[in-house]
Participant: 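Okay, here's the structure, questions in a sec.
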Amino acid sequence: MRNVILFIGRYLTFFTFLFLQTVSLWFLFSFNKFHQAMFLQTANEVTGGINKRYKNLENFFLQGEENRRLHLMNDSLLNLLLQQITSPDTTRQLVTDTLLIDSSRQYRRYYFRPAGVVYNSTNSEKNYIQLDRGSIHGVAENMAVLNADGSAVGIVVHVSPRFSQVMSLLHVRQKVNVSLQKTGDFGTLEWDGKDPGLLLLKGLPKSVPIKLGDPVVVSRYSFNFPPGYPVGTVAEIISDKRTNFYLLKVKPAARFNHLQHVFVVENLQFAEQATLDRETRKKIDDAKRSSQ
Amino acid sequence: MREIVRNLLRVVLFLFIEVYILQQIPHLHRFISPSLYFLFLLWLPFSVTPRTLLWIGLATGLVVDYFLQSPGLHASACLWLCLFRPFMIGILTPRVSSEFNYREPSPQSLLWAPYLIYISLLTLVHHTWLVFLEWLSFGSFDDFLIKIFASTVISLLLVIPIELLFPRNLSFRTNAGR
């Protein structure tokens, strides 16, 4: 026993090293798995506070660019106003609706919340963006994030009371369902961690006609994003002879280095859609398993 | 006391540069990710014991991590750096032990050639482990090797001008002075 204590005492530094290394690796790997590590929530509040102060200063110097984006957004919204649209005739027609469902009732599908970016990086392979809105402002996981001009930015992955973390499109684990604006064919948008100026679009069949510069938008099938918002434009077409699918490089519409004000978009039906999807898979898998 | 304040100011400055400048500059190339904050650990005084050094390394790494959203990544790399630092100093100090004459490692106290070896090897250790951990979850082996080399070189290119531009005026400690 005495020898053991002596042994430990002699190599105490090395054992301290082993212990601390285990702790830090445990932090690292539990973070990757669950997106939440020890003290991350508390640390978020502290780093968020500091980041916010810094960003306040930085925003002062970048107002011009942001004003331009907001002006473009306002312009597009003004064009949607009912005042700008006149109907060609004023005659009315009474039609008896035979549908059993009241199709005139509308419901809200997406809810937009404004947020400011307080920290942002593009240099890593896993880039996160920090926003100054958290769970007390109604932000929750899986909400989509759009830039001030409406282009797709990322998905919220973690929230603390006053701040939230967004997994940027520039993250090697990010996958977004997107489609070509012209034809509506859809594929998956990914990133290979190499060039932050180019995203990858996979899964588009070669039968679809594609030209350089074709706009890519968020697909109707995305659970998180509202459909039709711009993602980028086709910058390079790689035709792989071995498969029937294109590999496209897409130039992102959002400038990830200049994010300032963004929208956090909540899909109000997200929980229902996700549950249905999960339960369908479970049901089919269970049926398969019991028949074997 | 003065020593502690000096090092605290230093760590705040290094963290600011790391988080708000080096991580914010537009992307240069996928292999190049400059990093500088670990210089703080290399500049710590000789008088810090190896065990305290490990704790300081863990704390510094974790603060960087919480800013960059990668808890444990930089902390783990810093621990390797702090484990090897005492060995390196032991090997590289001149015969007439400068540990007793100077406060902390610098080109002055270790002399330029050994100091460059000290800086380069520990930078290499730090970056190797950092890139290794990133590579575990993503990337190919060639990328891994090139990235270690490229980011070590770019970091050294930052460190050496800093040493030249901001020489730390370390007075030669004698019994007479203090």
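Every chain is numbered from 1, with letters handed out A, B, ... down the list of sequences.
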Participant: Looking at A:Asp192, A:Asp195, A:Asn123, which one has more heavy-atom pairs under 4.5 Å with chain B than the rest?
Facilitator: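 Result: the option with the highest number of such pairs is A:Asn123.
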Participant: Measuring heavy-atom distances to chain B, does A:Gln21 have an atom under 4.5 Å in its side chain, in its backbone, in both, or in neither?
Facilitator: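 For A:Gln21, backbone and side chain are both near chain B.
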Participant: Tell me every residue that passes salt bridge (charged side-chain N to carboxylate O under 4.0 Å, His left out) with A:Lys55, counting only those two or more places apart in sequence or in another chain.
Facilitator: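 Checked A:Lys55 against salt bridge (charged side-chain N to carboxylate O under 4.0 Å, His left out); matches are A:Glu58.
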Participant: Return the option, out of A:Thr122, A:Thr13, A:Asn257, A:Leu20, with the maximum number of heavy-atom pairs under 4.5 Å with chain B.
Facilitator: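 So the answer, after comparing A:Thr122, A:Thr13, A:Asn257, A:Leu20, is A:Leu20.
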Participant: For chain A, which of B:Val19, B:Leu62, B:Thr49 has the most heavy-atom pairs under 4.5 Å?
Facilitator: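 Greatest number of close heavy-atom pairs with chain A: B:Val19.
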Participant: Name the region of B:Leu58, side chain, backbone, both or neither, that has any atom closer than 4.5 Å to a heavy atom of chain A.
Facilitator: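 Looking at B:Leu58, just its side chain touches chain A.
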Participant: Need one label for A:Asn127: side chain, backbone, both or neither, based on atoms under 4.5 Å from any heavy atom in chain B.
Facilitator: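 Looking at A:Asn127, nothing touches chain B.
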Participant: Do the rings of B:Phe87 and B:Phe84 sit parallel, tilted or perpendicular, given the 30° and 60° boundaries?
Facilitator: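 Ring orientation of B:Phe87 relative to B:Phe84: tilted.
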Participant: Heavy-atom distance under 4.5 Å to chain A: side chain of B:Asp65, backbone, both or neither?
Facilitator: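 Nothing of B:Asp65, per the 4.5 Å heavy-atom cut-off to chain A.
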Participant: Heavy-atom pairs under 4.5 Å with chain B are the metric here; pick the option from A:Ser121, A:Ser124, A:Pro196 that has the most.
Facilitator: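 The candidate making the most pairs under 4.5 Å is A:Pro196.
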Participant: Should the pair A:Glu190-A:Arg173 be classified as a salt bridge under the 4.0 Å nitrogen-to-oxygen rule?
Facilitator: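 A salt bridge is absent here (no side-chain N lies under 4.0 Å from a carboxylate O).
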Participant: Shorter than 4.5 Å, heavy atoms on both sides: which option in A:Tyr54, A:Phe14, A:Phe256 has the most such pairs with chain B?
Facilitator: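 Result: the option with the highest number of such pairs is A:Tyr54.
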Participant: Which atom pair, heavy atoms only, marks the closest approach of A:Leu170 to A:Trp191?
Facilitator: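 So the minimum-distance heavy-atom pair works out to C-CE3, 3.2 Å.
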Participant: How are the rings of A:Phe7 and A:Phe15 set relative to one another: parallel (under 30°), tilted (30 to 60°) or perpendicular (over 60°)?
Facilitator: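 Perpendicular, since the angle between the ring planes exceeds 60°.
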Participant: Just jot down the salt bridge (charged side-chain N to carboxylate O under 4.0 Å, His left out) partners of A:Arg53, sequence neighbours excluded, or say none.
Facilitator: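 With sequence neighbours excluded, A:Arg53 shows a salt bridge (charged side-chain N to carboxylate O under 4.0 Å, His left out) to no residue whatsoever.
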Participant: Once you measure the plane-to-plane angle for A:Phe270 and A:Phe223, does it fall in the parallel (<30°), tilted (30-60°) or perpendicular (>60°) bin?
Facilitator: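 Perpendicular.
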Participant: Should the ring pair B:Tyr66 and A:Phe27 be called parallel, tilted or perpendicular, given that the plane angle runs from 0 to 90° and is split at 30 and 60?
Facilitator: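 Because their plane-to-plane angle lies in the 30° to 60° range, the rings of B:Tyr66 and A:Phe27 count as tilted.
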Participant: Pick from A:Thr22, A:Asn120, A:Asn51, A:Val46: which one has the most heavy-atom pairs with chain B under 4.5 Å?
Facilitator: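 If we count pairs closer than 4.5 Å to chain B, A:Asn51 comes out on top.
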Participant: At a heavy-atom separation under 4.5 Å, does A:Phe17 approach chain B through its side chain, its backbone, both, or neither?
Facilitator: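 Both backbone and side chain of A:Phe17 come within 4.5 Å of chain B.
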